[in-house]
Amino acid sequence: MTKNQISGYIDTPIDLESSLCGGQSFRWMIKNKRFRGVIRNVIIEFQQKDRGICWNSYNNDDLNFINQIIAEYLDLNFDLKKFSERNLKDIAIQSSLDKYYGLRILNQDPWECLVSFICSAASNLNKITKNVQSIMKIGEKIGPEEIDYIFPSPQKILTFGELKLRNLGLGFRAPYVIDAALKIIEEKINLQSLKFSSYDISKKKLMMINGVGEKIADCVLAFSLNFSNAFPVDRWVRRSLINQYNLSEKLNNHELGDWARKRFKDDGSYVQQYLFHNIKN
DNA sequence: TGGAAGCCTGGTGT
DNA sequence: AACACCAGGCTTC
């Protein structure tokens with residue numbers, strides 16, 4: 001038997017709290033200042049340490065692989081310093097950077113991300129987390145902790161059924177999750193392939209799913225499909241845009257999103273998260 | 001074609 | 001204590 005447990009250190013500013021538990025992902029558990037979760041079937045723990053973070057993996061000891069999936073998940077190729085420099089004159093972005101420097105856009109599994117944000121409709125962080133974590137437990141348990149599950153496949157969720165999803169507390173969102181699972185099983189949508197389509201086409205495809213409108217589609221595009229120009233507009237970001245950039249209350253969320261995508265381009269997803277955190281907390 | 005009601009349900013405020 | 005009201009949105013009318 002191998003030990004299966006390895007660790008490492010990443011010397012880059014990463015704010016674990018805002019990145020992992022700030023509303024992009026809902027499956028990280030904090031215990032003794034350690035953030036535990038599952039990335040690509042590998043159980044990982046992160047902890048803030050000195051200028052960066054340290055990590056442990058528990059069911060995989062392939063160092064190259066772990067380094068690679070962590071770098072991908074935490075978007076380590078994105079240069080926050082340059083991001084800040086590009087937006088030096090933007091007071092709203094700078095004031096948020098002061099507080100949340102190290103907040104990063106995650107690269108999550110698209111299926112898990114899609115289900116999570118379908119659950120987010122008219123909900124709140126606590127409730128979404130409960131919903132997502134109970135769905136997660138439909139999947140395979142791979143470790144001793146409460147959080148150590150592989151997120152269930154579309155087929156598994158479909159088999160589990162709408163009624164039981166309702167009973168987990170999803171409410172009116174349950175049939176939406178089922179519709180998403182169905183469209184993926186029937187290959188009407190291939191989430192992985194969306195990475196290689198344009199922003200507009202990928203977004204339209206996602207919005208074919210019942211319960212997925214512009215906001216949820218943008219979240220999935222930004223937080224799991226690597227579309228850095230995606231800019232989800234919820235009521236908080238709406239308020240932030242109107243206040244900080246002096247925009248009219250009369251603009252609807254679609255128009256605000258268009259405005260932001262034009263203005264921030266490939267910084268969009270980062271700008272959105274920084275504005276979101278700054279207005280919420 | 002825009003705008004508001006309705007949807008599940010847990011949490012918060014009164 | 002019980003009750004209204006709302007929440008990181010979408011669909012329907």
Side-chain angles (χ1 to χ4, degrees), chain A residues 17-28 92 96 99-100 103-106 108 110 112-137 157 160-183 189 203-225 227 230-244 248-258 260-261 268-281:
Chain A
E17 171 79 32
S18 64
S19 303
L20 300 178
C21 304
Q24 292 186 67
S25 174
F26 307 91
R27 71 126 70 223
W28 290 88
S96 183
K99 292 184 221 164
Y100 302 106
L103 163 59
R104 291 179 165 275
I105 297 294
L106 304 178
Q108 305 179 66
E112 178 180 331
C113 189
L114 173 60
V115 173
S116 300
F117 282 95
I118 289 175
C119 291
S120 77
S123 190
N124 53 62
L125 191 68
N126 267 337
K127 192 174 165 183
I128 303 165
T129 303
K130 273 180 194 152
N131 288 166
V132 170
Q133 297 198 1
S134 51
I135 293 172
M136 180 184 78
K137 293 187 169 73
I157 290 184
F160 188 74
E162 179 181 329
L163 185 63
K164 281 188 172 171
L165 284 178
R166 268 184 191 270
N167 292 339
L168 291 182
L170 294 215
F172 63 86
R173 306 160 193 88
Y176 299 157
V177 172
I178 293 293
D179 187 58
L182 264 177
K183 288 205 163 82
I189 295 174
K203 188 167 178 176
K204 274 205 188 97
K205 286 224 169 167
L206 287 171
M207 289 171 65
M208 285 166 42
I209 299 166
N210 279 340
V212 177
E214 204 174 357
K215 152 69 168 62
I216 292 176
D218 264 332
C219 286
V220 176
L221 293 171
F223 308 147
S224 73
L225 291 169
F227 282 89
F231 196 100
V233 180
D234 59 34
R235 62 187 71 202
W236 296 99
V237 171
R238 173 186 177 78
R239 193 189 301 171
S240 175
L241 285 175
I242 290 171
N243 292 345
Q244 305 282 0
S248 163
E249 289 274 7
K250 286 184 179 155
L251 296 173
N252 62 31
N253 286 359
H254 174 74
E255 292 163 330
L256 287 170
D258 274 350
R261 278 182 285 276
S269 61
Y270 272 85
V271 172
Q272 190 271 1
Q273 270 304 291
Y274 275 91
L275 293 182
F276 177 72
H277 276 261
N278 210 23
I279 194 159
K280 276 225 82 173
N281 303 316

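Below, read A as the first sequence line, B as the second, and so on, with proteins coming before strands; counting in each chain starts at 1. Not measured: the values here are computed from a predicted model. Side chains are part of it too, since the values below use all heavy atoms of this structure and drop only hydrogens, waters and symmetry mates.
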Taking [M] as the reference, what is the distance to [N] when you measure between their [atom1] atoms (whole Å, please)?
N: B/dA4; M: C/dC6; atom1: P; answer: 15 Å
N: B/dT1; M: C/dG9; atom1: P; answer: 25 Å
N: B/dT9; M: C/dA1; atom1: P; answer: 24 Å
N: B/dG3; M: C/dG8; atom1: P; answer: 22 Å
N: C/dA2; M: B/dC8; atom1: P; answer: 26 Å

Looking at every strand, decide which applies to A/Arg173 at a 4.0 Å heavy-atom threshold: base, sugar-phosphate, or nothing.
->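 Touches a base.
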Contact class for A/Gly23 (heavy atom, under 4.0 Å): base, sugar-phosphate, or nothing?
->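 Base, at least one base heavy atom under 4.0 Å.
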When you measure from the side chain of A/Asn124, which nucleotide among B/dC8, C/dG8, C/dT11 comes out closest?
->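 The answer is C/dG8, which lies nearest to the side chain.
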Geometric class of the A/Phe223/A/Phe117 ring pair [parallel <30°, tilted 30-60°, perpendicular >60°] |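 If you compare the ring of A/Phe117 with that of A/Phe223, the planes turn out tilted.
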May I ask you to decide if the ring planes of A/Tyr176 and A/Phe172 are parallel, tilted or perpendicular, using 30° and 60° as cut-offs?
->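 If you compare the ring of A/Tyr176 with that of A/Phe172, the planes turn out perpendicular.
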NZ/NE/NH1/NH2 to OD/OE distance under 4.0 Å, A/Asp218 and A/Lys215 |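 Looking at A/Asp218 and A/Lys215, the cut-off is not met.
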Side chains of A/Leu165 and A/Ile157: closer than 4.5 Å at any heavy-atom pair?
->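 They are in side-chain contact.
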Decide yes or no for A/Leu275 and A/Ser96: does some side-chain heavy atom of the first lie under 4.5 Å from some side-chain heavy atom of the second?
->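 No; the side chains remain at least 4.5 Å from each other.
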Minimum heavy-atom distance A/Met208-A/Asp179, with the two atoms named =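 Closest heavy-atom pair between A/Met208 and A/Asp179: O-OD2, 4.4 Å.
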Look at A/Lys130 and B/dG11 and indicate whether a side-chain polar atom (N or O) is within less than 4.0 Å of OP1 or OP2.
->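 For B/dG11, OP1 or OP2 has a side-chain N or O of A/Lys130 closer than 4.0 Å.
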Mind checking which stems touch DNA chain C? I mean at least 3 consecutive Watson-Crick or G-U pairs, both distances under 3.5 Å.
->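 Consecutive-pair runs (3 or more) involving DNA chain C: B:3-7 with C:9-13, B:9-14 with C:2-7.
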